[in-house]
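First comes the structure, then the notes that go with it.
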Protein chains: 2
Amino acid sequence: MPRPAGADQGTTKQRILDIALQLFIEKGYDKTSLREIAERLGYSKAAVYYHFASKDDILGALHLRLHDVLDEAMTGLSQAGTEETWPKLLDQFIDGMIANRDLFVLHERNRAAFEALHMKDHHEEHEDIERQLRRVLADVEIPLESRVRMACSLGAVTLGIMLAGDAFDDVPSDQLASIVRRAIGDLLTPGVFRT
Amino acid sequence: MPRPAGADQGTTKQRILDIALQLFIEKGYDKTSLREIAERLGYSKAAVYYHFASKDDILGALHLRLHDVLDEAMTGLSQAGTEETWPKLLDQFIDGMIANRDLFVLHERNRAAFEALHMKDHHEEHEDIERQLRRVLADVEIPLESRVRMACSLGAVTLGIMLAGDAFDDVPSDQLASIVRRAIGDLLTPGVFRT
DNA sequence: GTCTATATTTCGATAGAC
DNA sequence: GTCTATCGAAATATAGAC
């Protein structure tokens, strides 16, 4: 970060992030060593340390990638009406998850590491997204049933999309997305019409 | 395990597991050292090694606890009808999650560690539960929409219950459970009545 | 069953040459 | 920007006394 930042600089930096992303998913953050990252990169360990101050710094950069995917969807949720805007929010979440599935898998598989990370980064300018969601879900202004259904919808989207490329390997992602959208539509609408 | 197993033996063993469970949730599996476990236990590190062959062994024992909670719910799902039995399965999952919430939180927050663990335990007699679920969700006999909704329901239940004691701290768990049950009921029933 | 050492390994991080 | 070499720390695990 404290580099002058020239023209097409950062290529190696991005390659490191891509490799780390892949390894952190495969083996987990803690069981991935910088030696392995450097090895797959083709450079030495010290080269990695030229681009990143620490291992945590690498995870932090990936966290930022994830954050960038979501924060445009999050803006407007801050203090605006939540129960009405929730479906829109989920819609954008679905898009973000499909376009950047590996970032979400990374987060899902290394929750402990991410939490330990943002403990240290208490100087974070942007409030952590999970914390924001939690705050909304704890808002007593919203009926409990709605809040619980919101939480469920979040989980439904997460697991529904996450299993794409896994159990639903051959299903085109837009088809999967539309099914998930329909499903959470039903989830968020209490079935007063049902028997 | 290779111990003679006397009368009320295993008390210390269980205490270790309880402490490890708590620490693994707080700090994550990898960032928890045996020194910390021993410290909180009041004994030395070597004492812990008397009861467990390795750190992985401790996680393995906790994995077994989790497994025991779920496998009675899983039996009957093996090759039996799945689309019909799915609601029943989720029902039992909800009960299991509420009764043993911390075990599920442990699993959710240390997915990478668990996966790395059951890589080594390839001699596992019981098929891993996640693998079983994945197999059902990949079953082409079941319509895609149903399978996706099953996956979503699984995620909905997980996150819905998991946020209990967190965002829904003061809500009695049975009330929470009934809301979640209603929600996944709607989720699993395609809303043909909606606009 | 629990202790005090200690062995062994590996990892994150740094120094300094190029 | 990348290298070699190394430091220092911390962790898992073991040996052997009690």
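First the proteins, then the strands, lettered A, B, ... as listed; each starts at 1.
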request  = Return the value, rounded to whole Å, for the distance between atom CG of A/Asp30 and atom C1' of D/dA11.
outcome  = 13 Å

task = Consider only side-chain N and O atoms of A/Asp56 and A/Tyr29, and report whether a donor and an acceptor are under 3.5 Å apart.
result = yes

remark   = A/Leu41 atom CG is separated from D/dG1 atom C1', nearest whole Å, by 12 Å

ask   = Does the distance from a Lys or Arg side-chain N to an Asp or Glu carboxylate O, for A/Glu36 and A/Lys55, drop under 4.0 Å?
value = no

request  = Using only heavy-atom distances, determine whether the side chains of B/His107 and B/Glu130 contain a donor-acceptor pair under 3.5 Å.
outcome  = yes

message = Five pairs per end, C1' atoms only: what is the angle between the end axes of the helix from C/dG1-D/dC18 to C/dC18-D/dG1, to 10 degrees?
response = 10°

key: NZ (B/Lys31) with more than 12 external heavy atoms under 6.0 Å   = yes

note = Rounded to whole Å, CD1 of A/Ile37 lies from P of C/dA13 at a distance of 11 Å

inquiry  = Any salt bridge linking A/Asp128 with A/Arg135? Criterion: basic side-chain nitrogen under 4.0 Å from a carboxylate oxygen.
reply    = no

inquiry  = Membership question, hydrophobic clusters at under 4.5 Å side-chain separation (ILVMFWY): are B/Leu144 and A/Ile161 in the same one?
reply    = yes

ask   = For D/dT2, does either OP1 or OP2 sit under 4.0 Å from a side-chain N or O belonging to A/Ser44?
value = no

Between C1' of D/dT12 and CD of B/Glu36, the distance in whole Å = 14 Å

request  = Taking atom types as modelled, find out whether A/Trp86 and A/Ser153 have a side-chain donor-acceptor pair closer than 3.5 angstrom.
outcome  = yes

message = Do the side chains of B/Lys45 and B/Glu39 get close enough for a salt bridge, i.e. N-O under 4.0 angstrom?
response = no

Hphob cluster co-occupancy, B/Leu187 + A/Leu188, side-chain heavy atoms under 4.5 angstrom = no

ask   = For the pair made of CG in B/Leu59 and C1' in D/dT12, what is the distance, rounded to whole Å?
value = 15 Å

ask   = Whole Å only: how far is the OH atom of B/Tyr43 from the P atom of C/dA5?
value = 20 Å

key: Residue-phosphate contact under 4.0 Å: A/Tyr50 side-chain N/O, D/dT2 OP1/OP2   = no

note = Taking D/dA11, C/dC11, C/dT2 as options, the one with an atom nearest any side-chain atom of B/Ser33 is D/dA11

message = Just the rounded figure in Å: distance from P of C/dG12 to CD1 of A/Ile16.
response = 14 Å

request  = Take the protein atom NE2 of A/His51 and the nucleotide atom P of C/dA13, then report the distance between them rounded to whole Å.
outcome  = 16 Å

query = Once each nucleotide of nucleotides 13-18 of chain D is scored for protein heavy atoms under 4.0 Å, what B/S/- sequence comes out, 5' to 3'?
reply = BBB---

